[in-house]
Structure formats: structure tokens, C-alpha cells
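Keep in mind that the numbers below use all heavy atoms, side chains included, and drop hydrogens, waters and symmetry copies.
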Amino acid sequence: MEEKFIVAWEQARAAALELGVRMRPVEKADAMKTAHRCLSGHRESDGFFLLAEKKHLEFSLEALATDKRFTGLFTDEEANTALQRLLSAGYYCG
């Protein structure tokens, strides 16, 4: 499941770049550690606000963390943090 998440996150970053939103690259070996650190912190993921402005939060780490395919990779606290950030930005997770 981690491999699929890492690929999905890479694809999301590529799609965001096509919208003009540049996100820092993440090494595959560090992807899960980076995702957990971001969702455990107090700041939104890289590119979150620009994606929100462009109405494309589906490409954010937070959206991936709440995707039913990947929820098993994250703690309830991390998933709730991601969901709260998305809802605060007006994103409907459906």
C-alpha cells in the first residue's frame, strides 16, 4: 500500500506542477516519513494554499491521506488533521 501511496503522491505533485504549483520533491525512501511529519505538524503541506486558490486540493497530501485507499497508512490523528485542513479550506471530501 505504501508503494501505491508514493506513486499517487508523485502523480499529484506532477498534476499540481501542470497547474503552476511547485512542490518540493520528496525522495521515495523518505516519502512516508515526510508525509507523517507533515500531518503531525501544525502547517499545511507544501503547495496547499496555492492548490486551494486554484480549487484543486485533490492534489494535496491532505487529500491523499483521507483517500480511502490510503487511510490505513495514517493514524486517526493524522487523518483527522488532514480532514480538518481540507474542510477549513472549503474542500468537500466525498
Side-chain angles (χ1 to χ4, degrees):
M1 187 182 325
E2 285 185 14
E3 271 300 312
K4 289 181 181 181
F5 170 80
I6 292 166
V7 168
W9 198 12
E10 288 174 344
Q11 291 171 340
R13 285 195 306 276
L17 185 57
E18 287 184 20
L19 295 170
V21 177
R22 293 180 156 235
M23 296 185 215
R24 287 182 213 109
V26 176
E27 295 292 327
K28 284 185 181 188
D30 296 327
M32 292 309 302
K33 181 172 66 171
T34 301
H36 289 296
R37 186 179 32 206
C38 181
L39 295 172
S40 296
H42 299 288
R43 291 181 28 186
E44 287 75 5
S45 65
D46 196 27
F48 184 88
F49 293 110
L50 288 173
L51 288 170
E53 284 178 13
K54 295 178 180 285
K55 308 260 190 258
H56 281 287
L57 280 170
E58 70 271 19
F59 301 132
S60 69
L61 169 61
E62 287 81 357
L64 283 174
T66 59
D67 185 312
K68 65 183 175 185
R69 298 174 296 166
F70 306 122
T71 55
L73 295 173
F74 300 98
T75 65
D76 288 345
E77 186 174 313
E78 290 168 337
N80 286 336
T81 295
L83 181 60
Q84 204 52 21
R85 291 175 185 172
L86 291 166
L87 293 175
S88 293
Y91 182 73
Y92 172 73
C93 308

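Sequence neighbours left out, the pairs with a member in residues 12-51 that pass ring pair (Phe, Tyr, Trp, His ring centres under 6.0 Å) are His36-Phe74.
Of all the heavy atoms in Ala65 and Thr71, the pair that sits closest is O-CG2, 3.7 Å. Ser45 and Cys38 make their closest contact through CA-SG, 3.4 Å (heavy atoms, listed as atom of the first residue, atom of the second, distance). When all heavy atoms of Leu86 and Thr66 are compared, the closest pair comes out as CD1-OG1, 3.7 Å. Between Leu64 and Ala12, the shortest heavy-atom contact is CD1-CB, 4.3 Å. Between Leu39 and Ala82, the shortest heavy-atom contact is CD2-CB, 3.9 Å. Among all heavy-atom pairs drawn from Val26 and Ala31, the shortest one is CG1-CA, 3.5 Å.
For Ala79, the side-chain contact (heavy atoms from CB on, under 4.5 Å) test picks out no residue, with sequence neighbours left out. Residues passing the side-chain contact (heavy atoms from CB on, under 4.5 Å) test with Ser40, sequence neighbours excluded: Glu78. Listed by chain and residue number, Arg22 satisfy the side-chain contact (heavy atoms from CB on, under 4.5 Å) test with Leu17 (two or more places apart in sequence, or in another chain). Remark: Glu2 pairs with Met32, Leu73 by the side-chain contact (heavy atoms from CB on, under 4.5 Å) rule, at least two apart or across chains. Annotation: ring pair (Phe, Tyr, Trp, His ring centres under 6.0 Å) contacts of Phe70 (sequence neighbours excluded): Phe5.
Looking at heavy atoms from C-beta onward, Glu10 lies in side-chain contact with Lys28 at the 4.5 angstrom threshold. Looking only at side-chain heavy atoms (C-beta outward), Arg85 and Tyr91 stay at 4.5 Å or farther from each other.
The line from OG of Ser88 to CG of Leu83 is 9.0 Å long, rounded to the nearest 0.5 Å. Residue Ile6 holds its CD1 atom at 12.5 Å from CE of Met1, rounded to the nearest 0.5 Å. Between the CD atom in Glu77 and the CD atom in Gln84 there is a gap of 12.5 Å [rounded to 0.5 Å].
Under the side-chain contact (heavy atoms from CB on, under 4.5 Å) rule, Leu51 has a single partner from Met23, Glu44, Glu62, which is Met23.
Side chain of Lys54 to backbone of Leu19: a donor-acceptor contact under 3.5 angstrom is found.
Follow the hydrophobic side-chain contacts under 4.5 Å out from Phe59 and you never reach Leu61; the two are in separate clusters.
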